[in-house]
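Structure, as structure tokens:
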Amino acid sequence: MTDAAALPGQPRGGVVSGTATPRAVNVLAPNASPMTLDGTNTWILSEPDSELAVVVDPGPLDDGHLRNVVDTAERAGKRFALTLLTHGHPDHAEGAARFAELTGTTVRALDPALRLGDEGLGAGDVVTVGGLELRVVPTPGHTADSLCFHLPADRAVLTGDTILGRGTTVVAHPDGRLGDYLDSLRRLRSLTVDDGVHTVLPGHGPVLDDAQGAVEFYLAHRAHRLAQIETAVEDGYRTAAELVAHVYADVDRSLWPAAELSVRAQLDYLTEHGLI
């Protein structure tokens, strides 16, 4: 058995649900799959001495899960004041409107189509609720509307699907773009270097206690895959399906359709930079 501390990002062992930091509690959605890992992490954020809470990514449209999130907060003596979304994929956002109905909250997101209320989210925004401070970090790449949330008091960052607690994420072509994704990873690396962020609270998988190590692993992984695709094209592989079968032969076949999206994004990147 591999020691978790030896894995990229130092993932925490044990149950994914529960308290992760003094201000962050996870309620795991019951939607486990090869793509969602253990399921979607729905984050409840609050100052320890405040009765107000924020939810990040209510998750799928599963009434039992949404009510479990509300009940978890109420058992801690808290009520929700705001719903935030890291991006619009259904496993993160489909339940947002129903959750807003259950809690009387507005929904803030980068994509106007996902909002309920007048306020959106954008670069440089600071969200404050009951003394809690969250800084909005634009991180396009997985999707065009992807955001992360920097939680300075816990030296943590909520990463949605930009960084996962296990494995690597998909650049969801054509909405997701590899150049944007690499820039976003570098932006997150600057949080670890300049702002002291050391904990990743991901959208799927376990909490990571070595944020910088996780970001460096992702950057190295992307560089390695990109080099593999470039070499494979030079060797005569042309279509995305051919490239997936050749380069991603070590990946579970159930994930090949997702890998094909990343390959298409990599081909666009190589073409744009005159490398193929």
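Residue numbers start at 1 and run along the sequence shown.
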Check side chain to side chain donor-acceptor pair (under 3.5 Å) between [X] and all other residues, then give those that pass, not counting sequence neighbours.
X: Glu119; answer: none
X: His65; answer: Thr42
X: Thr19; answer: none
X: Ser184; answer: none

Is [X] linked to [Y] within one hydrophobic cluster, defined over Ile, Leu, Val, Met, Phe, Trp and Tyr using a side-chain heavy-atom separation of less than 4.5 Å?
X: Leu147; Y: Val56; result: yes
X: Val136; Y: Val54; result: yes
X: Leu7; Y: Val251; result: no
X: Val244; Y: Val247; result: yes
X: Leu52; Y: Leu151; result: yes

Which heavy atom in [X] sits nearest to a heavy atom in [Y], and how many Å separate them?
X: Thr159; Y: Cys148; value: CA-SG, 3.5 Å
X: Leu132; Y: Glu47; value: N-CG, 3.4 Å
X: Pro202; Y: Asn41; value: O-ND2, 2.9 Å
X: Leu110; Y: Ala144; value: CD2-O, 4.0 Å
X: Ala29; Y: Pro60; value: CB-CD, 3.8 Å
X: Leu82; Y: Thr105; value: N-CG2, 3.5 Å

*asked:* What verdict does the salt bridge (charged side-chain N to carboxylate O under 4.0 Å, His left out) test give for Arg79 and Glu74, after you've listed the backbone C-alpha separation in whole Å, the side-chain angles of each residue and the deciding distance to 0.1 Å?
replied: CA-CA 6 Å; Arg79 60 182 175 84; Glu74 288 181 348; over 6 Å; no
Could you note down all residue pairs passing ring-ring contact (aromatic ring centres under 6.0 Å, His included) where [range] supplies at least one of them, sequence neighbours left out?
range: residues 218-240; answer: Tyr237-His246
range: residues 79-110; answer: Phe80-Phe99, His87-His89, His87-His92, His87-His142, His89-His142, His92-His204
range: residues 146-180; answer: none

*side chain to side chain contact (heavy atoms under 4.5 Å, CB included) between Arg225 and Tyr248, worked out*: CA-CA 9 Å; Arg225 284 299 195 204; Tyr248 290 77; 3.6 Å; yes
Between [Y] and [X], is there a side-chain heavy-atom distance shorter than 4.5 Å?
X: Thr192; Y: Leu188; value: no
X: Pro22; Y: Asp154; value: yes
X: Thr83; Y: Leu116; value: no
X: Pro206; Y: Arg166; value: yes
X: Leu134; Y: Val126; value: no

Short side-chain to backbone donor-acceptor contact, [X] and [Y], under 3.5 Å:
X: Asp111; Y: Ala113; value: yes
X: Ser46; Y: Pro48; value: no
X: Ser190; Y: Arg187; value: yes
X: Arg23; Y: Leu45; value: no
X: Glu230; Y: Leu226; value: no

*After noting the C-alpha distance and the side-chain angles of Glu272 and Arg177, does the key distance pass the side chain to side chain contact (heavy atoms under 4.5 Å, CB included) rule?*
CA-CA 11 Å; Glu272 290 164 4; Arg177 295 176 56 82; 2.8 Å; yes
*Is Arg264 close enough and on-axis enough to Tyr269, meaning under 6.0 Å and within 45°, for cation-pi?*
no
*Would you mind telling me which of Thr40, Asp62, Thr36, Asp38 makes a side chain to side chain donor-acceptor pair (under 3.5 Å) with Asn31?*
Thr40
*Please lay out, stage by stage, how Asp180 and Arg222 fare under the test salt bridge (charged side-chain N to carboxylate O under 4.0 Å, His left out).*
CA-CA 12 Å; Asp180 291 342; Arg222 283 295 163 200; over 6 Å; no
*asked:* Quick test of your reading: applying side chain to side chain donor-acceptor pair (under 3.5 Å), list the pairs with at least one residue in residues 124-134, sequence neighbours left out, ordered by first then second residue.
replied: Glu133-Arg135
What is the distance from atom [atom1] of [X] to atom [atom2] of [Y], rounded to the nearest 0.5 Å?
X: Asp161; Y: Asp91; atom1: CG; atom2: CG; answer: 6.0 Å
X: Gln10; Y: Asp210; atom1: CD; atom2: CG; answer: 4.5 Å
X: Asn68; Y: Ser17; atom1: CG; atom2: OG; answer: 8.0 Å
X: Gln228; Y: Gln266; atom1: CD; atom2: CD; answer: 8.5 Å

*Before giving the answer on salt bridge (charged side-chain N to carboxylate O under 4.0 Å, His left out), spell out for Glu242 and Arg238 the whole-Å C-alpha distance, their side-chain angles and the decisive distance to 0.1 Å.*
CA-CA 7 Å; Glu242 290 172 345; Arg238 289 292 179 265; over 6 Å; no
_When you compare the side chains of Asp57 and Thr86, does any donor N or O come within less than 3.5 Å of an acceptor on the partner?_
yes
May I have the list of side-chain donor-acceptor pairs in residues 193-200 shorter than 3.5 Å, sequence neighbours left out?
none

*May I have the step-by-step check of side chain to side chain contact (heavy atoms under 4.5 Å, CB included) for Val233 and Leu267, ending in yes or no?*
CA-CA 9 Å; Val233 170; Leu267 289 172; 3.9 Å; yes
*Residues in side-chain contact (heavy atoms from CB on, under 4.5 Å) contact with Leu219, at least two apart in sequence or another chain*: Leu182, Leu185, Arg186, Arg189, Val215, Glu216
_Non-neighbouring partners of Ala20 that pass side-chain contact (heavy atoms from CB on, under 4.5 Å), sequence neighbours left out_ = Arg12, Trp43, Leu201, Val207
_With sequence neighbours excluded, residues passing ring pair (Phe, Tyr, Trp, His ring centres under 6.0 Å) with Tyr181_ = none
_Criterion side chain to side chain contact (heavy atoms under 4.5 Å, CB included) on Val107 and Leu84, from CA distance to verdict_ = CA-CA 6 Å; Val107 178; Leu84 302 176; over 6 Å; no
*side chain to side chain donor-acceptor pair (under 3.5 Å) between Thr139 and Ser146, intermediate numbers included*: CA-CA 5 Å; Thr139 49; Ser146 287; 5.4 Å; no
*Salt bridge present between Asp63 and Arg98 (N-O < 4.0 angstrom)*: yes
